[in-house]
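Quick note: residue numbers are just sequence positions, from 1. Any value given below was found using the heavy atoms of this structure, including those in side chains, with hydrogens, waters and symmetry copies removed.
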Amino acid sequence: MARIVIIGGHGKVALRLERLLAERGDQVDAIIRNPDHAADVTAAGANPVVADIEQLDVDGLAELLSGHDAVVWSAGAGGGNPERTDAVDRDAAIRSMTAAERAGVRRYVMVSYFGSPDHTVPEGHSFRAYAEAKAAADEHLVSTALDWTILGPSGLTDGEGTGRIDVDASESGTVDRADVAAVAAAVLERPNTVRRTIRFNGGGTPIAEALG
């Protein structure tokens with residue numbers, strides 16, 4: 001049994017991940033901003049922790065992370081507002097990495113996206129703020145001493161999941177959120193995924209085999 005904290009605990013991937021971890025016997029704390037979401041988190045088998053990561057400093061985040069075996073970052077501003085995207089997807093994410101180091105929580109799994117890091121999105125494009133924020137966070141994570149894994153799923157869909165992925169694709173396709181959650185659960189148990197960026201589409205290879 002591991003004690004795992006998920007930042008962004010009410011997201012569609014996070015709720016699926018909470019169910020998987022709880023079912024295998026892990027203790028899961030899910031950080032959420034909106035207390036109205038607590039019931040959904042509890043139903044998924046996790047313990048809701050209400051906190052605003054956008055406002056917390058490193059010490060505040062370190063207090064939340066302390067005592068856990070692993071951190072999963074699955075939060076996001078949801079796009080649309082570049083300033084808030086920077087505040088959450090870049091700044092809060094980087095603070096959480098510093099906080100994990102300070103709290104002695106070495107294992108850190110980042111849910112990113114297939115194309116990151118990408119600095120090629122042109123000025124004025126609606127995707128630029130998100131791409132730059134995620135790139136900054138991912139690049140910072142790689143520079144830390146944490147036992148990190150970066151997950152780069154392709155376009156997300158709401159299917160039931162197949163338990164199979166493709167980690168060799170050169171271009172982004174699609175993958176079910178259920179399979180993203182399953183990959184996140186799997187890498188938390190696999191030391192061979194530490195310090196690896198794993199980009200993947202839905203595919204034909206069982207997740208365990210695909211991760212090596």
Side-chain angles (χ1 to χ4, degrees), residues 2-9 11 13-14 17 29 31 51-79 82-123 125 127-154 167-170 172 180 183-200 211-212:
R3 189 176 178 207
I4 298 165
V5 57
I6 300 175
I7 302 174
V13 170
L17 176 58
D29 291 324
I31 299 175
D52 189 348
I53 58 167
E54 191 176 348
Q55 303 300 324
L56 286 174
D57 61 10
V58 170
D59 287 339
L61 285 166
E63 186 174 344
L64 286 179
L65 304 185
S66 180
H68 292 88
D69 300 304
V71 179
V72 178
W73 178 276
S74 192
E83 289 185 1
R84 186 150 188 272
T85 296
D86 285 347
V88 176
D89 292 276
R90 182 189 67 195
D91 299 341
I94 290 172
R95 284 199 304 276
S96 77
M97 298 165 199
T98 305
E101 291 180 303
R102 188 168 298 181
V105 186
R106 292 190 55 83
R107 190 71 173 104
Y108 191 110
V109 175
M110 166 64 75
V111 180
S112 188
Y113 75 101
F114 193 98
S116 184
D118 181 4
H119 295 290
T120 67
V121 181
E123 289 278 1
H125 193 287
F127 191 66
R128 180 179 171 85
Y130 178 78
E132 289 292 337
K134 291 300 284 184
D138 292 353
E139 288 167 345
H140 183 83
L141 181 56
V142 169
S143 76
T144 70
L146 294 168
D147 292 335
W148 55 265
T149 303
I150 296 173
L151 301 183
S154 53
V167 296
D168 298 316
S170 58
S172 175
V180 178
V183 171
V187 301
L188 284 165
E189 291 189 310
R190 291 174 174 269
N192 70 310
T193 63
V194 169
R195 304 191 77 78
R196 285 174 57 190
T197 296
I198 302 168
R199 298 180 177 87
F200 59 97
L211 295 177

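Partners of Tyr108 according to the side chain to side chain donor-acceptor pair (under 3.5 Å) rule, which considers only residues two or more places apart in sequence or in another chain, are Ser96. Residues satisfying the side-chain contact (heavy atoms from CB on, under 4.5 Å) criterion with Thr197, sequence neighbours excluded, are Trp148, Ile150, Arg199.
Using cut-offs of 30° and 60° for the angle between ring planes, the His125 and Phe127 rings count as perpendicular.
When all heavy atoms are compared, the tightest approach of Ile53 to Leu61 is CG2-CD2, 4.0 Å. Summarising the geometry of Ala169 relative to Phe114, their closest heavy-atom pair is O-CZ, 3.5 Å, with the distance given to 0.1 Å. Closest heavy-atom contact between Val71 and Ala100: CG2-CB, 4.4 Å. Among all heavy-atom pairs drawn from Ile6 and Ser74, the shortest one is CG2-CB, 4.3 Å. Listed here is the closest heavy atom pair of Ala103 and Ala62: CB-O, 3.6 Å. Between Ala93 and Met110, the shortest heavy-atom distance links the atoms CB-CE, 4.3 Å.
Proximity of Thr193 to Ile198: side-chain heavy atoms (C-beta onward) are separated by under 4.5 Å at one or more points.
Between the side chain of Asp69 and the backbone N or O of Arg3, at least one donor-acceptor pair lies under 3.5 Å.
Going from atom CG of Leu17 over to atom CG of Leu188 covers 7.0 Å, rounded to the nearest 0.5 Å. One distance of note links CD1 of Ile7 with CH2 of Trp73; it measures 5.5 Å at 0.5 Å rounding.
Applying the salt bridge (charged side-chain N to carboxylate O under 4.0 Å, His left out) rule to pairs touching residues 86-97 yields Asp86-Arg90, sequence neighbours excluded. For residues 106-118, the set of pairs meeting the salt bridge (charged side-chain N to carboxylate O under 4.0 Å, His left out) definition, not counting sequence neighbours, comprises Arg106-Asp147. Residue pairs meeting the salt bridge (charged side-chain N to carboxylate O under 4.0 Å, His left out) criterion with at least one member in residues 52-66, sequence neighbours excluded, are Glu54-Arg84, Asp59-Arg102.
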Between side-chain atoms of residues 135-144 and protein atoms elsewhere (two or more places apart, or another chain), which donor-acceptor pairs fall under 3.5 Å?
from	atom 1	to	atom 2	distance (Å)
Asp138	OD2	Ser112	OG	2.6
Asp138	OD2	Ser116	OG	2.6
Glu139	OE1	His119	NE2	3.4
Glu139	OE2	His119	NE2	2.9
Ser143	OG	His140	O	2.6
Thr144	OG1	Leu141	O	2.7
Thr144	OG1	Leu146	N	3.2

- Task: Using the side chain to side chain contact (heavy atoms under 4.5 Å, CB included) rule, take Leu64 and Val5 through it: C-alpha gap first, then chi angles, then the decisive distance, then the call.
- Result: CA-CA 9 Å; Leu64 286 179; Val5 57; 5.9 Å; no

